[in-house]
Each structure stands twice: as structure tokens, then as C-alpha cells.
There are 2 protein chains.
Amino acid sequence: MTDAAPKERLLAERRGRIVAAARRLAEDEGWEAVTTRRLADAIEYSQPVLYGHFPQGKSEIVTAVALAGFAEMEAALTDSGSVADASHDARVRALVTTYLDFADRHRATYEAMFLLPVTVPFASADTPAVLRATFEVIAETLRALPAEAPPSSDPETTAEVLWAAVHGLVALQHAGRMPPERRAQRVDELVRLFTA
Amino acid sequence: MTDAAPKERLLAERRGRIVAAARRLAEDEGWEAVTTRRLADAIEYSQPVLYGHFPQGKSEIVTAVALAGFAEMEAALTDSGSVADASHDARVRALVTTYLDFADRHRATYEAMFLLPVTVPFASADTPAVLRATFEVIAETLRALPAEAPPSSDPETTAEVLWAAVHGLVALQHAGRMPPERRAQRVDELVRLFTA
DNA sequence: TCGATGATCTAGCAGTGCTAGGAATGTAGC
DNA sequence: GCTACATTCCTAGCACTGCTAGATCATCGA
């Protein structure tokens, strides 16, 4: 692989440091602590330099954090489904558990991925591949349902409903709207509903 | 019922106008358009008057919108479950459909209820009764499951998972992350999973 | 009628995202 | 090596945000 020109490599590196700084600040202190002044301090340049990399401003930085998060979540979900010889029940459980763990360990990143308004179109031709890929992992796990699983005319729709349920658990648990001590029971019930 | 003193009634009325103005602005233009300057203009007083009613500032106004929303949603959900002689399938479907309709018709209010950080504790002794009441309607519908419904050791947990799934549909659909044309299929699949 | 109290306003603070114009630095050509 | 031009970065400031201190106005009771 050829190296980029030194100047372009330095620019790309600095862009990466901006995104990393945004993510770190958000994970440590919440998105409300992520300001353009603090990001500029973190990379030791002035504010206008941020706008050189992200002409659409702060929301474009948040989008970059979200896209990186989708890539990591897709990798984690793909790994979770790759255990050979696992029962289907075990594979759905691994998917759900991996998703919830990722969202818990990267709360602010997850928030950027789903909760903050992100400027990237989703169900359209412009949708970045990494967004489709993440959903595809969920759909693929359900397509692999054995024949005795509950009939569903459309595994795509079942995948959407499973995704909604898991996402809903994340959002309501993070918002403190569900008792934390029943978390494992909710996972058990969710897996039971989708595999019984 | 005795009337409040005229002064106290005028204060309560003005407080209600602040909350109504916040909700209307949010529903029309989004929460980012709801500023303390615009709320003050809407009630034709200066900004500090807002802080007389809401000493904890703007987030307390958002909380007030959220609590009003919970009360309305609880009433709507209670009505949806009150159809006599309906099959259980029909009652779960009515609950899900009513919930989704409410969230669609009051997007900004729903956002305040679940998405914006609200300062009210949830699963604790301080939780306002209206929050518990809303969840209770969902739990009650599932407690009424006939004996041949899928066994669940704990209808409470099933209610939490149903709520998570419906909430997830709202959040992902509002965020434009699910194809709108398959909305009815997702509702069908959700109802099937919880009543099959 | 006057003083005390309550209600409301004005003006401003500290912070936000963002940008215009100037300064500093780098590069190319002569 | 110097000059002119291009690029990069900085300073300073704008318009806006949530919020509040102190001043002003209105009301009420003695």
C-alpha cells in the first residue's frame, strides 16, 4: 500500500485525533461536555482548524464518531455469531448480549449512533455501507432460524423487530427507566420470544 | 372544589401557558427551537419570570411537558385496552398501535418523555405516579394473557420487553432508521411474537 | 401617605457554534 | 537568496444560548 503524501497523512491523522478526542470526552463526561473549544484544546490548534476537517461543523464530528461506532459494533456482532455448532438459541443470545454489552461499554458512542440526530441518510442510496452491514448481521442470524422456529413470512421484518427490542432495552435501561436487577430476565425473555 | 385564590390561580394558569408554549414550539419546530427567550415572548413576560415557576430552569420545563405527556399516553393506553370481549391478540395489537400512534402524533412530547434527559427519577420512591401508571397499563394487558399463551414466569418482565420493543420501534422509525413501508408488518410481527 | 413586600424588567454574564479577516508559514520561480 | 503568492492557522468577534443580580414598578397594609 502506498503511503499518502506526508501532508495528507498528517491531515488524516489530525482528523482522526479530533474524532478520538470527541469520543473520549463524550464517553467520559457526556456529549454536553464536547465543545468545539475543548476539542481544539485537545488537538492543540484553534477552533477554525476543526472546520477545515469538518466544514459542516460539530454535527459532522458527531457523525464521524457514529460511523466509527457502527464499524466496531458490526465487527463485534459478526464475531458473536461465528461460534461454530452453537444452537440457534445460543446464537440469538450471543447477538443480543453482544449488542447490549457494546452499548453499555460505549454509551456516548451508542448515543451518537442512534439517539443524537445524525446527518447521514439511512434507508437510501446514500446510506454508508457500514450502517447496512450492521443491520445485516442481525438479519442473517434470524435467517439462520431452523425450520421449527416460529413461522415468519419475512425474516427481514423479524430482524427489524428484534433490533427494535434490543435498541429499546438499551435506550430505556440507559435512561434509568427499567430496574437494573431484572436485566438478565429481560434478556432471557427476549431470546425466548424470538426462538421459542 | 374551592377555587384557588385569584393570584394563585393566575400563577397556575401562567405556568400552564409556559408548558403549553414549550410543547407547541417543540412539536412545530423541534426542541432546538425552544429557547427561554421564545417562551418568554410567547407568554409576554420577560425571561426571569420563567425561573419564578421553574427554579431549576429549562430542564424543569421539559420535565413538565414529559409528565403531561405520560398522563395523556396513560389515558390513551387505558382506553385502548378497555374494549370488552376483544381477543387477547386484538388487545395487544390495540395497545401497540395506540402507543405508536401517540408517539407519532406527539413526536416532541414523546422525545421529552424518553429521549431527552429528564430530571425525574424513575424506578424509585420519588417516581411520579403517572410514570408507574403508564407502565402498569402495559403490564396489565399482558397479565391478562390467556392460559395457552406462551409461558412466562413473570408477566412483569414480558411487559418490560414489550415496552422496549415498542419504544425501539418508535425511536428507530422517528430517527429514519427503518423503511416506513414495512411499518404494518413490524406491528404484525410484534403482536405475533407476544401472543403466539 | 408611606414604607415594606412582591412582581417584573433591564442588562449583563459565561458559555455555545461558527466565521471574517489578518498574521504567520511554506513554496515556487526568478 | 529573495520575492510573491498560496496555504495554514490564529485572533477577535458575531449571534445566540441559559441564567441571574440588581433596579424599577406595583401592590398592600398600617
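Throughout, a chain's letter reflects where its sequence line sits, starting with A, and its residues are numbered from 1.
- A/Lys7 has its NZ atom 10 Å from the C1' atom of D/dA6, to the nearest Å.
- Closest-nucleotide positions on DNA chain D for A/Tyr45 and A/Arg37 were compared, and the one nearer the 5' end corresponds to A/Tyr45.
- If you check every strand for non-hydrogen atoms under 4.0 Å, A/Tyr51 touches a base.
- Looking at which nucleotide of DNA chain C each of A/Glu32 and A/Pro48 is closest to, the 5′-most match is held by A/Glu32.
- In this structure, B/Trp31 atom CH2 and D/dT17 atom C1' are separated by 16 Å, rounded to whole Å.
- Between B/Phe135 and B/Trp163, the ring-plane angle classifies as tilted under the 30° and 60° cut-offs.
- Within the nucleic acid shown, A/Arg14 comes within 4.0 Å of sugar-phosphate atoms alone, with no base atom in reach, counting heavy atoms only.
- Residues B/Tyr51 and B/Thr36 are in side-chain contact: their nearest non-hydrogen atoms beyond the backbone lie under 4.5 Å apart.
- Taking atom NE2 of B/His53 as the reference point, atom P of D/dC19 lies 15 Å away to the nearest angstrom.
- Between B/Arg38 atom CZ and D/dA15 atom C1' the separation is 15 Å, expressed in whole Å.
- Remark: the backbone N or O of B/Arg91 is not paired with any side-chain donor or acceptor of B/Arg93 at under 3.5 angstrom.
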B/Met113 and B/Val65: side-chain contact (heavy atoms from CB on, under 4.5 Å), yes or no, with the steps?
CA-CA 8 Å; B/Met113 290 161 69; B/Val65 172; over 6 Å; no

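- Backbone-only contact: A/Thr35 has heavy atoms under 4.0 Å from sugar-phosphate atoms and none from a base.
- Between B/Leu50 atom CG and D/dG18 atom P there is a gap of 10 Å when expressed in whole angstrom units.
- Contact footprint of chain A on DNA chain C: nucleotides with an atom under 4.0 Å from a non-hydrogen protein atom, first to last in 5' to 3' order, C/dT16 to C/dA20.
- Note on A/Arg186 versus A/Glu189: no salt bridge recorded, every NZ/NE/NH1/NH2 to OD/OE distance being 4.0 Å or above.
- The salt bridge (Lys or Arg N to Asp or Glu O under 4.0 Å) test with B/Glu29 singles out one residue from B/Arg107, B/Arg24, B/Arg38, B/Arg23, and that residue is B/Arg38.
- Atom CD of B/Glu29 and atom P of D/dT17 are 12 Å apart (whole Å).
- Between B/Leu39 atom CG and D/dC19 atom P the separation is 11 Å, expressed in whole Å.
- Checked for salt-bridge contact, A/Glu160 and B/Arg182 meet the test: a charged N lies under 4.0 Å from a carboxylate O.
- One can place CZ of B/Phe54 at 12 Å from P of D/dC19, the figure rounded to the nearest angstrom.
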